[in-house]
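Whatever order the structure lists them in is the order used to number ligands and atoms, beginning at 1.
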Amino acid sequence: MNNGKICVPVAVSRVEDIVNKARKAAEFADVIELRLDALENADPAEIRKQIRKIRGIFAGDILVTFRPKTQGGARELDTKERRSLLTALETDADLIDIEYDLDLTLENTKTVHSFHDFEGVPDDLVDIYDRLAAKARENDIIKIAVRPADIVDGLGVWKLLSRGGRQVIPIAMGEAGKWTRILGPAFGAPLTFGSLEAGDETAPGQITAKDLSEIYRVKELTPQTAIYGVIGRPVSKSLSPYMHNAAFQAAGIDAVFMHLEVSDLPRFIEEFVPRSGLKFGGFSVTMPHKQAIIPYLSGMEESARAIGAVNTLKIEDGKLFGFNTDAEGFIAPLKQTYGDLKGVRVALLGAGGAARACVYALKKERADVTVFVRDPEKGRAFAEEFDVEPGRFPVETLTGFEIAVNATPIGMGAGEEDLAPLYSEQFGDVSLVYDLITKPAETALLREAKKRGLKTIGGAEMLIAQGIRQFEIWTGKDAPAALMREKVLERLFN
Ligand code: NAP
């Protein structure tokens, strides 16, 4: 346990809606932030009435914020109206946010002295901190929120936590900074901000308060908690945090798993991992880093070497060891559904990273693989490397094949819901269709296959199976497989 609290912003345009939203926020909030700049008409008397009503349904603290657009607020506000509203509500609130550009001291209320930069990370972060610290009284809080382009650039604001003397909330906004929101409380930040619902964020990268509480268990984390995450770009849609966090909790392991958006892999490995002070246990690696990570490894499992890609890292004594769990993750559900694969003719569509793991696993099972690729050059090289038959994409018909595997992203993108790499009339003799795409759970390809009464396997099965093996690599324990499956499917279908 740590002493951090979850703060949920409530931003509504009509004052009469404040209480309803606050009621919802109260489910996961220790502190409710009233974002009064969102109100069309911020009348102190009306607001005071609402605050009194909130006190009747919520025992936690109320933070009042009236933020101008320049600091990320909802509308333009002049200095006079800012001073006047905050002063009027001084004794109604438990905490008042005062942005760094407002010269105002409120004697009777604890203050959050805040600075926001929604464009980047200023060079003079330490000066900004020192200026805010000079204004802050002993119990006041300093909040500094910046917007790094890359995860490594979030380290500057994070390091403010160790300056000591004052309570600090360091926030790196955006996808690349989500880790600061999850780990802040463990390292001494008094608050972390979580949105009421997905789509209700008041700043980029905000995680829902429900997920902060139930998935990441932010109030239970400490500096000793082992940290895992999926590194890649983009990673925000990855379902891995849902299965791994549930698994760690069920197994009683003090660890947390999060999305880590990494653009610059060398900087992440050489600067972020050693300098962050975070106790990393390992990573799940996704596009575009599965091959680029290889030069940084101290050791590599034989299957990963043969596949030529790494999707799992374990860190031991500061050294990185690489594994590939995609091959096992791919083949386990296929064998379970189809049975013995020896001599079975498989049509594999695509020759990217995932296809490499598929072909490795299929060859191990002695299946007879043909790889269908749009670029004949790439197709030939791939077929030669793995000693399989080359074929051309698009496919005419899969006559003579028993299994079709889609390892292309066709059907995954926004607006591609009706797009499939194969349609019903091309299935030939295929009796089982396996689509590696996780989201959407039912791709157009799988719908086409079901129309023909064929067996199907969706990408979630591979994701779960490879995650089970990851968990075992990281922890040395048996994975709670049924729970991991349940958590992935729950997210996928809700
Ligand atoms: P990748 O390395 O980018 O490879 C994609 C392959 O698909 C390449 O061969 C590419 O050909 C081909 N391709 C792309 N667009 C195409 C199109 N419009 N027509 C024909 N071929 C096309 O990606 P990956 O990592 O292998 O991933 C492939 C799919 O598997 C993705 O949907 C990914 O989400 C999924 N996946 C799922 C799991 C899981 O656990 N379920 C794990 C890994 C991957 P070019 O080289 O010519 O571009």
Check your understanding: Can you pull the ring-ring contact (aromatic ring centres under 6.0 Å, His included) pairs that have at least one residue in residues 180-228, sequence neighbours excluded?
Key -> W158-F187, Y228-F248, Y228-W474
Exercise for review: May I have all residue pairs that pass ring-ring contact (aromatic ring centres under 6.0 Å, His included) and include part of residues 356-380, sequence neighbours excluded?
Suggested key: F372-F401
Review point. Residues in ring pair (Phe, Tyr, Trp, His ring centres under 6.0 Å) with Y296, at least two apart?
Key: none
Study note, to complete from the structure: The answer, listing residues by chain and number that come under 4.0 Å of ligand 1 through any heavy atom, is M287, K290, G350, A351, G352, G353, A354, R374, K378, F393, A407, T408, P409, I410, M412, L436, I437, T438, G459, M462, L463
Review point. For F427, is the NZ or CZ atom of R452 found under 6.0 angstrom from the centre of its six-membered ring and inside 45 degrees of the ring axis?
Key: no
Practice item. Would you indicate whether the side-chain heavy atoms of F330 and L362 approach each other to under 4.5 Å? Key: yes
Exercise for review: With the side chain counted from C-beta on, respond yes when T208 and I215 share a heavy-atom pair under 4.5 Å apart, and no when they do not.
Suggested key: no
